Each structure stands twice: as C-alpha cells, then as structure tokens.
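A short write-up of the structure that comes next.
What you are looking at is a predicted structure, and each value in this text was computed from that prediction instead of being measured. Counting starts at 1 for both ligands and their atoms, following the listed order.
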Amino acid sequence: MMRLLAIESSCDETSAAIIEDGNVRSLIVSSQIQIHAEYGGVVPELATREHLTHLQPVIRQALEQAGLNTSELDAICATQGPGLPPALMIGWKAAQSMAFALELPLIGINHVEAHLYSPWFQGNPPRACWEEFQPNISLVISGGHTLLAQVNRPLEHTIIGGTQDDAAGECFDKCAKMLRLGYPGGPVIDRLALKGNPKAHSFARPMLNQDNCDFSFSGLKTSVRYYLDKHPGLAEDDTALPDLCASIQAAIVEVLVKKTIRAAKGLQFSCITLSGGVACNTGLRKAFQEVCEQNGFNLRIASPNLCTDNAAMIGLLGERYFHEAPPQKNWQADIRPSWRLARPA
Ligand code: KG4
Ligand code: ZN
C-alpha cells in the first residue's frame with residue numbers, strides 16, 4: 001500500500017490531500033477568494049500570509065479525515081512551480097521539512113502538468129483512472145496558464161501551443177473587472193452570459209485564423225475596452241450586462257474550441273481533454289460537447305472540483321511519478337516559480 005501527502009500553495013488556494021493507491025482519501029481546500037476579491041486580483045503578500053496561517057490546519061485536517069498519522073505516510077509531494085514565489089515557498093518548505101523529518105521521499109510537481117492530467121482523475125471521491133487513458137490533445141485553461149499539449153502516454157506530453165500574452169482566465173477576469181463584476185470574474189460572466197445574446201456585440205478573435213496552436217487574449221481584452229469607451233454608459237447599464245458577457249464569452253470560447261479542434265484533426269487525435277478553472281465554464285463545456293459530438297471526438301473534462309486548484313491532482317500525479325521514477329531522499333531542491341512545460345525547439 002502506498003500513502004502520500006500532497007500539498008498545493010501556488011496561488012490563492014491552500015490545499016492538502018491524502019492519496020492511497022490512486023484514490024483520494026481526503027482533500028481539503030482553503031480558498032482565499034474572499035480576501036483577494038476586495039483588491040480585484042491576487043495580492044501576493046496577502047496570499048503568503050494566508051498560506052502561512054492555514055497550511056498546518058489544512059494538513060492536519062487532511063490527515064485526520066483520512067484517519068492517518070504522519071508515520072503511516074510513504075512519500076510527500078508538493079507543487080514546486082510555477083506560481084507566486086512566496087506562496088509556493090510556504091507549501092514547498094513545509095513539504096521539505098516534513099519529508100526531511102520523516103525521512104520520506106519528496107516529489108516536486110509542476111502545477112500545470114497536474115492540471116493537464118486532471119481529466120483522468122474522476123469519481124467521488126476522485127481516483128486515478130489511468131486504465132481509461134487515451135492519447136489526446138489537452139487544453140489547459142486557468143487563471144495563469146493557457147496551453148495546448150499533445151499527450152501520447154501518461155507523463156509523455158509535448159506542448160504544441162500556448163498563449164502569447166494573457167491566459168484565458170485572466171481575460172475573463174480582466175473583462176469582468178471592466179464591467180465591475182468583482183473577482184474572480186469568470187464565474188460571474190458565465191452566469192450572466194446564460195441570459196444574454198452572444199451575437200449582440202462583436203469582439204476580436206485574435207489569432208483565430210493563424211495556422212498554429214497559439215492564442216492571444218490581450219487583443220480581445222483591448223477590443224472590449226475600446227468598445228466600452230465608444231459606448232459610454234454601456235458598462236454601467238445592468239440590463240446590458242448579459243449581452244456583453246455572452247458576447248465576450250463567445251469570443252473566448254470560439255477561439256479555444258476552433259483552435260483545439262483544428263489541432264486534434266491536424267494531428268489525428270480522437271480524444272480531447274479540458275482542465276483548469278476556465279474548464280468550469282458552462283458555455284465552453286457546451287460548445288466543446290457539441291463540436292466533439294459532431295466530429296466524433298471523445299471529450300474528457302476535469303470534474304469541477306478538480307478544475308480549480310487543489311492538492312488531489314498534485315498527489316495523484318505525484319503517485320504516478322513515484323511509481324515510474326522512484327524519487328531519491330533528496331530534500332535540497334528549491335521552488336521553481338517560472339517552471340515552464342517545455343516546447344520542443
Ligand atoms: O485553475 P485555477 O483555479 O487557477 C490557476 O491555476 O490559475 O483557475 C482560476 C481561473 C480564474 O481566472 C477564474 O475566473 C476562472 O478560472 N474560472 C472561470 C470559471 N470558473 C473559474 N472562468 C470562466 N467560467 C467559469 N465558470
Ligand atoms: Zn491552477
């Protein structure tokens with residue numbers, strides 16, 4: 001039997017999970033959204049303070065819920081990067097100290113890679129469904145990252161495209177900020193868009209027609225800004241919000257859907273996966289479901305509780321790494337705040 005403690009603290013969620021033989025035995029997530037909402041975005045100093053306050057209780061709760069004590073653990077695993085350096089530091093240093101004190105292997109996980117494999121972690125409580133794995137084109141869309149990868153086998157992926165500027169989630173959040181909808185704006189735009197007309201306003205679809213797998217969302221954000229400047233009072237008119245939100249969401253979704261489908265067709269993959277916070281978006285899920293059904297693609301979307309940041313995805317991927325390449329008891333490694341999943345040269 002293999003038991004692993006996983007820790008996530010790369011941004012504004014403090015999370016710990018206990019994984020036992022591919023099953024999530026407990027998952028605790030302490031979210032800081034309310035704290036950062038007042039400032040319209042994540043404030044690194046506040047995030048760090050919150051991680052520091054909550055990490056120990058979150059770890060203790062995860063152990064308690066799983067009915068374990070630290071002497072029953074076989075490995076410790078934590079997000080090593082990418083992320084906010086001081087936030088990463090809190091979780092990583094805690095993992096490092098525990099691994100050192102308990103003389104356990106320490107596994108450093110890339111946060112984006114954990115999102116990438118999260119569609120293969122399903123169920124309630126979640127478990128790793130590696131036996132269901134199919135080669136796929138994977139779209140990771142979160143607040144900090146937007147990338148497309150070709151995944152041939154578990155742990156074997158090649159990045160084929162990504163955003164050249166803002167991430168998709170950042171675009172949702174910044175557009176929401178212009179409409180004074182609070183932070184994070186993605187879920188609010190999603191909700192308002194349900195009642196709006198996606199064709200009411202026309203916003204830019206940057207890079208849609210370029211024959212590559214890259215994205216750009218800052219142009220779309222700028223197009224929304226200019227549009228609002230040209231139509232004074234629109235953003236202040238509550239009755240205009242549903243149409244504005246539906247039109248902004250339609251632009252983001254169209255680019256993501258079309259470029260992902262084009263990549264899957266071009267590279268002859270029959271499975272598409274979606275993960276990251278933006279994969280919770282109702283309009284995006286519906287659009288992907290429709291187009292995948294029409295084109296005969298198998299679609300796998302990470303379950304909503306594993307789309308946003310959590311330690312379960314870190315631990316389930318960590319366990320796979322543990323089996324594929326057992327880590328040494330090396331407790332020296334440092335955080336990797338700008339750890340990028342490499343693109344081939
Ligand atoms: O994966 P995540 O929790 O954190 C990062 O690793 O960045 O993603 C957070 C992002 C935020 O930008 C948030 O606005 C977006 O995911 N998001 C959504 C929805 N739920 C969360 N965007 C659009 N529609 C949603 N329903
Ligand atoms: Zn994330």
* Just jot down the ligand 1 atoms closer than 4.0 angstrom to any heavy atom of Pro184, in number order. => 14 (O)

* Asked: How about Asp211: does its CG atom have over 12 heavy atoms from other parts shown lying under 6.0 Å from it?
  -> no

* Is it true that a side-chain atom of Asp243 and a backbone atom of Asn197 form a donor plus acceptor pair closer than 3.5 Å? -> yes

* Closer than 2.8 Å to the Zn ion (ligand 2), do we get an N, O or S atom from His145, backbone or side chain? -> no

* Should the ring pair Trp331 and Phe100 be called parallel, tilted or perpendicular, given that the plane angle runs from 0 to 90° and is split at 30 and 60? -> perpendicular

* Asked: Would you say the ring centroid of His201 lies under 6.0 angstrom from that of Tyr227?
  -> yes

* Looking at atom 6 (O) of ligand 1, what's its closest protein heavy atom, distance included? -> Asp309 OD1, 3.2 Å

* Have a look at ligand 1 and work out which part of Cys307, if any, has a heavy atom under 4.0 Å from it: side chain, backbone, both or neither. => backbone

* Show the numbers, then the answer: is there a salt bridge (charged side-chain N to carboxylate O under 4.0 Å, His left out) between Lys221 and Glu170? => CA-CA 9 Å; Lys221 187 183 66 188; Glu170 203 177 339; 5.8 Å; no

* Asked: Shared ILVMFWY cluster between Met2 and Ile7, side chains joined below 4.5 angstrom?
  -> no

* Closest protein heavy atom to atom 17 (N) of ligand 1, given as residue, atom name and distance to 0.1 Å -> Gly277 O, 3.5 Å

* **Enumerated ligand 1 atoms positioned under 4.0 Å from heavy atoms of Thr308** => 3 (O)

* To do: Give the atoms of ligand 1, by number and element, whose distance to some non-hydrogen atom of Gly143 is under 4.0 Å.
  => 5 (C), 7 (O), 8 (O), 9 (C), 10 (C), 12 (O)

* Asked: Does a side chain donor of either Glu13 or Asn310 reach within less than 3.5 Å of an acceptor in the other side chain?
  -> no

* contact_flag Pro187 ligand 1 heavy-atom lt 4.0 Å -> yes

* N/O donor-acceptor pair under 3.5 Å between Gln122 side chain and Pro119 backbone -> yes

* Find all atoms of ligand 1 within a distance of less than 4.0 Å from any non-hydrogen atom belonging to Gly144, and give their numbers and elements. => 7 (O)

* Asked: Counting backbone and side-chain atoms alike, does Cys11 have an N/O/S atom under 2.8 Å from the Zn ion (ligand 2)?
  -> no

* Indicate yes or no: does Lys286 engage Glu290 in a salt bridge with an N to O separation below 4.0 Å. => yes

* Can you name the one residue among Val112, Asp214, Ile141, Val140 that meets side-chain contact (heavy atoms from CB on, under 4.5 Å) with Thr146? -> Ile141

* Closest Asp309 atom to the Zn ion (ligand 2) [N, O or S only] -> OD1

* To do: Would you mind telling me if ligand 1 is within reach of the side chain of Asp190, the backbone, both or neither, using heavy atoms under 4.0 Å?
  => side chain

* Structure fact -> One finds that the ligand 1 atoms under 4.0 Å from a non-hydrogen atom of Cys280 are 20 (N), 26 (N)

* Structure fact -> Note: ligand 1 atoms sitting under 4.0 Å from heavy atoms of Asp173 are 11 (C), 12 (O), 13 (C), 14 (O)

* Hey, which atoms in ligand 1 end up nearer than 4.0 Å to a heavy atom of Gly169? -> 12 (O)

* Return yes when His115 approaches ligand 1 closer than 4.0 angstrom through a heavy atom, no otherwise. => yes

* **Closest approach of any protein heavy atom to atom 22 (N) of ligand 1, naming residue and atom** => Gly186 CA, 3.4 Å

* Asked: With Asn110, which of Ile314, Leu116, Leu341, Thr79 fulfils side-chain contact (heavy atoms from CB on, under 4.5 Å)?
  -> Leu341

* Any N or O on Asn281 sitting closer than 3.5 Å to an N or O of ligand 1? -> yes

* So Trp130 and Phe121, would you call those rings parallel, tilted or perpendicular, with 30° and 60° as cut-offs? -> perpendicular

* His111 near ligand 1 by a heavy-atom separation under 4.0 Å -> yes

